[in-house]
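Keep in mind it's a predicted model, so treat the numbers as computed, not measured.
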Amino acid sequence: MRIGHGYDVHRLVPGRKLILGGVEIPFERGLDGHSDADVLTHALMDALLGAACLGDIGLLFPDNDPQYKGISSLLLLEEVVRRVHAAGFAVGNADITVLCQRPKLRPHIPAMQERLRALLGTETVNVKATTEEGLGFTGSGEGIACHAVCLLEERA
(Lines give C-alpha, C1' and ligand atoms only; values in the text may rest on other atoms or scores of the structure.)
Protein backbone atom coordinates (compact mmCIF):
# COMPACT_ATOMS: atom_id res chain seq x y z
CA MET A 1 0.00 0.00 0.00
CA ARG A 2 1.04 3.59 -0.63
CA ILE A 3 -0.31 6.79 0.90
CA GLY A 4 -0.25 10.15 -0.89
CA HIS A 5 -1.03 13.71 0.15
CA GLY A 6 -1.85 16.62 -2.15
CA TYR A 7 -2.42 20.30 -1.54
CA ASP A 8 -3.43 23.09 -3.88
CA VAL A 9 -4.65 26.66 -3.67
CA HIS A 10 -6.01 29.16 -6.19
CA ARG A 11 -7.10 32.78 -5.95
CA LEU A 12 -10.78 33.67 -6.49
CA VAL A 13 -11.26 36.20 -9.31
CA PRO A 14 -14.20 37.67 -11.23
CA GLY A 15 -14.89 36.48 -14.76
CA ARG A 16 -14.13 32.78 -14.20
CA LYS A 17 -16.36 29.77 -13.57
CA LEU A 18 -15.98 28.06 -10.20
CA ILE A 19 -15.25 24.38 -10.84
CA LEU A 20 -14.65 21.99 -7.94
CA GLY A 21 -14.41 18.23 -8.36
CA GLY A 22 -15.52 18.70 -11.97
CA VAL A 23 -18.77 20.37 -10.89
CA GLU A 24 -19.64 23.96 -11.80
CA ILE A 25 -20.69 25.83 -8.66
CA PRO A 26 -22.84 28.96 -9.11
CA PHE A 27 -20.82 31.86 -7.66
CA GLU A 28 -19.83 35.40 -8.63
CA ARG A 29 -16.15 34.46 -8.87
CA GLY A 30 -14.08 31.52 -10.01
CA LEU A 31 -10.60 30.20 -9.47
CA ASP A 32 -7.69 31.71 -11.38
CA GLY A 33 -5.32 29.36 -13.15
CA HIS A 34 -3.98 28.06 -16.46
CA SER A 35 -6.44 25.14 -16.65
CA ASP A 36 -9.96 25.31 -15.21
CA ALA A 37 -8.17 25.79 -11.83
CA ASP A 38 -10.17 23.01 -10.14
CA VAL A 39 -8.28 23.13 -6.83
CA LEU A 40 -9.98 19.97 -5.54
CA THR A 41 -9.02 17.85 -8.54
CA HIS A 42 -5.49 19.32 -8.54
CA ALA A 43 -4.95 18.32 -4.90
CA LEU A 44 -6.32 14.85 -5.62
CA MET A 45 -4.02 14.40 -8.63
CA ASP A 46 -0.98 15.38 -6.56
CA ALA A 47 -1.98 12.89 -3.85
CA LEU A 48 -2.27 10.10 -6.43
CA LEU A 49 0.99 11.01 -8.15
CA GLY A 50 2.80 11.29 -4.84
CA ALA A 51 1.64 7.88 -3.65
CA ALA A 52 2.79 6.30 -6.92
CA CYS A 53 6.10 8.27 -6.92
CA LEU A 54 5.23 9.78 -10.31
CA GLY A 55 6.07 13.42 -9.63
CA ASP A 56 3.40 16.11 -9.48
CA ILE A 57 0.94 17.92 -11.74
CA GLY A 58 3.39 20.75 -12.42
CA LEU A 59 5.80 18.23 -13.90
CA LEU A 60 3.18 16.41 -15.98
CA PHE A 61 1.00 19.36 -16.99
CA PRO A 62 3.14 22.54 -16.88
CA ASP A 63 1.23 25.81 -16.59
CA ASN A 64 3.22 27.32 -19.46
CA ASP A 65 2.13 24.64 -21.95
CA PRO A 66 -0.63 26.02 -24.23
CA GLN A 67 -2.26 22.59 -24.66
CA TYR A 68 -3.46 22.79 -21.04
CA LYS A 69 -4.91 26.33 -21.28
CA GLY A 70 -8.50 26.13 -19.98
CA ILE A 71 -8.51 22.31 -20.00
CA SER A 72 -10.89 20.41 -17.74
CA SER A 73 -8.99 19.03 -14.78
CA LEU A 74 -11.08 15.88 -15.08
CA LEU A 75 -9.26 15.13 -18.35
CA LEU A 76 -5.96 15.55 -16.53
CA LEU A 77 -7.21 13.29 -13.72
CA GLU A 78 -8.01 10.59 -16.30
CA GLU A 79 -4.37 10.71 -17.45
CA VAL A 80 -3.11 10.57 -13.86
CA VAL A 81 -5.28 7.52 -13.12
CA ARG A 82 -4.01 5.86 -16.33
CA ARG A 83 -0.42 6.42 -15.15
CA VAL A 84 -1.19 5.16 -11.64
CA HIS A 85 -2.68 1.98 -13.15
CA ALA A 86 0.32 1.58 -15.50
CA ALA A 87 2.59 1.80 -12.43
CA GLY A 88 0.75 -1.23 -11.00
CA PHE A 89 -1.62 0.44 -8.56
CA ALA A 90 -5.37 0.80 -8.02
CA VAL A 91 -6.99 3.55 -5.98
CA GLY A 92 -8.13 2.23 -2.60
CA ASN A 93 -9.69 5.44 -1.34
CA ALA A 94 -9.49 9.21 -1.42
CA ASP A 95 -10.40 11.68 1.32
CA ILE A 96 -10.57 15.34 0.35
CA THR A 97 -11.09 18.52 2.39
CA VAL A 98 -11.90 21.84 0.70
CA LEU A 99 -11.20 25.04 2.70
CA CYS A 100 -13.67 27.65 1.51
CA GLN A 101 -15.58 30.40 3.30
CA ARG A 102 -18.12 30.86 0.49
CA PRO A 103 -19.99 29.55 -1.37
CA LYS A 104 -21.53 26.78 0.67
CA LEU A 105 -20.48 23.52 -0.94
CA ARG A 106 -22.67 20.97 0.88
CA PRO A 107 -25.34 20.81 -1.89
CA HIS A 108 -22.68 20.08 -4.54
CA ILE A 109 -20.66 17.41 -2.72
CA PRO A 110 -22.72 14.39 -3.90
CA ALA A 111 -22.15 15.36 -7.56
CA MET A 112 -18.42 15.85 -6.92
CA GLN A 113 -18.14 12.45 -5.24
CA GLU A 114 -20.07 10.75 -8.05
CA ARG A 115 -17.77 12.18 -10.74
CA LEU A 116 -14.60 11.36 -8.84
CA ARG A 117 -15.73 7.84 -7.93
CA ALA A 118 -16.35 7.07 -11.59
CA LEU A 119 -12.95 8.37 -12.69
CA LEU A 120 -11.00 6.73 -9.85
CA GLY A 121 -12.78 3.40 -10.13
CA THR A 122 -13.61 3.21 -6.44
CA GLU A 123 -16.67 3.88 -4.32
CA THR A 124 -14.54 5.11 -1.42
CA VAL A 125 -14.19 8.80 -2.27
CA ASN A 126 -15.12 11.28 0.44
CA VAL A 127 -15.34 15.05 -0.03
CA LYS A 128 -15.69 17.44 2.89
CA ALA A 129 -15.85 21.22 3.06
CA THR A 130 -14.99 23.52 5.92
CA THR A 131 -14.71 27.23 6.51
CA GLU A 132 -11.83 28.78 8.37
CA GLU A 133 -14.04 30.96 10.55
CA GLY A 134 -12.99 34.07 8.62
CA LEU A 135 -9.26 33.50 9.20
CA GLY A 136 -6.53 33.64 6.56
CA PHE A 137 -6.86 33.99 2.78
CA THR A 138 -9.54 31.30 2.54
CA GLY A 139 -11.50 32.79 5.41
CA SER A 140 -11.40 36.26 3.89
CA GLY A 141 -12.65 34.89 0.56
CA GLU A 142 -9.44 35.59 -1.38
CA GLY A 143 -9.04 31.98 -2.44
CA ILE A 144 -9.87 28.33 -1.97
CA ALA A 145 -7.46 25.64 -0.75
CA CYS A 146 -7.74 21.88 -0.71
CA HIS A 147 -6.03 18.91 0.94
CA ALA A 148 -6.37 15.37 -0.41
CA VAL A 149 -5.06 12.05 0.81
CA CYS A 150 -5.30 8.73 -0.97
CA LEU A 151 -4.40 5.12 -0.57
CA LEU A 152 -3.06 3.12 -3.49
CA GLU A 153 -3.02 -0.66 -3.48
CA GLU A 154 -0.92 -2.94 -5.66
CA ARG A 155 -3.02 -4.36 -8.46
CA ALA A 156 -3.39 -8.11 -8.50
Side-chain angles (χ1 to χ4, degrees), residues 3-84 91 93-122 124-150:
I3 297 171
H5 174 263
Y7 174 79
D8 198 31
V9 61
H10 286 274
R11 181 181 310 276
L12 282 164
V13 295
R16 296 266 307 196
K17 292 180 180 179
L18 178 58
I19 309 291
L20 293 171
V23 175
E24 186 174 338
I25 312 292
F27 195 54
E28 67 265 12
R29 293 176 293 152
L31 294 169
D32 192 24
H34 186 66
S35 66
D36 63 4
D38 182 341
V39 69
L40 186 158
T41 303
H42 292 184
L44 176 58
M45 288 189 289
D46 268 345
L48 294 166
L49 291 166
C53 293
L54 295 173
D56 62 31
I57 62 173
L59 177 66
L60 294 181
F61 313 113
D63 65 4
N64 58 0
D65 188 330
Q67 72 176 317
Y68 303 121
K69 179 76 173 155
I71 194 169
S72 167
S73 293
L74 293 182
L75 294 175
L76 303 179
L77 178 60
E78 286 178 2
E79 175 60 17
V80 167
V81 171
R82 187 193 67 71
R83 288 175 184 237
V84 165
V91 179
N93 80 305
D95 186 34
I96 304 157
T97 304
V98 182
L99 299 101
C100 174
Q101 196 67 33
R102 319 184 17 247
K104 293 294 182 194
L105 300 180
R106 170 68 42 217
H108 308 286
I109 287 176
M112 292 178 208
Q113 291 179 154
E114 182 179 322
R115 288 223 170 113
L116 297 173
R117 286 173 179 155
L119 285 172
L120 296 179
T122 181
T124 53
V125 175
N126 190 56
V127 175
K128 307 176 297 287
T130 187
T131 68
E132 295 210 286
E133 304 297 329
L135 299 172
F137 70 90
T138 58
S140 68
E142 294 176 66
I144 296 177
C146 187
H147 289 272
V149 293
C150 71

Is [X] reaching over with its side chain to a backbone N or O of [Y], donor-acceptor style, under 3.5 angstrom?
X	Y	result
Asp36	Ser73	yes
Arg83	Leu49	no
Arg29	Gly141	yes

Within this structure, what is the [atom1]-[atom2] distance for the pair [X] and [Y], rounded to the nearest 0.5 Å?
X	Y	atom1	atom2	answer
Asp95	Asn126	CG	CG	5.0 Å
Arg106	Lys128	CZ	NZ	10.5 Å
Ile25	Arg102	CD1	CZ	13.5 Å
Leu120	Arg115	CG	CZ	13.5 Å

How are the rings of His10 and His42 set to each other: parallel, tilted or perpendicular (split at 30° and 60°)? perpendicular
Students often mix this up, so state it plainly: with edges at 30° and 60°, are the rings of Phe61 and Tyr68 parallel, tilted or perpendicular?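 Aromatic pair Phe61/Tyr68 classed perpendicular.
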Can you find a heavy atom in the side chain of [X] that is under 4.5 Å from one in the side chain of [Y]?
X	Y	answer
Thr41	Leu74	yes
Leu119	Glu78	yes
Asp8	Asp46	no
Leu76	Val80	no
Leu99	Thr130	yes

Checking Asp32 now: which residues fulfil side chain to side chain contact (heavy atoms under 4.5 Å, CB included) with it, not counting sequence neighbours?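 In terms of side chain to side chain contact (heavy atoms under 4.5 Å, CB included), with neighbours along the sequence ignored, Asp32 is linked to Val13.
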Check the surroundings of atom CD in Glu132: do more than 12 heavy atoms from other residues, nucleotides or ligands lie under 6.0 Å from it? yes
Among Leu40, Leu20, Ile144, which residue meets the side chain to side chain contact (heavy atoms under 4.5 Å, CB included) test with Leu105? Leu20
Using side chain to side chain contact (heavy atoms under 4.5 Å, CB included), reason through Met45 and Leu60 one step at a time and then give a plain yes or no. CA-CA 10 Å; Met45 288 189 289; Leu60 294 181; over 6 Å; no
Between Arg82 and Glu79 (salt bridge meaning N to carboxylate O under 4.0 Å), is one present in this structure? yes
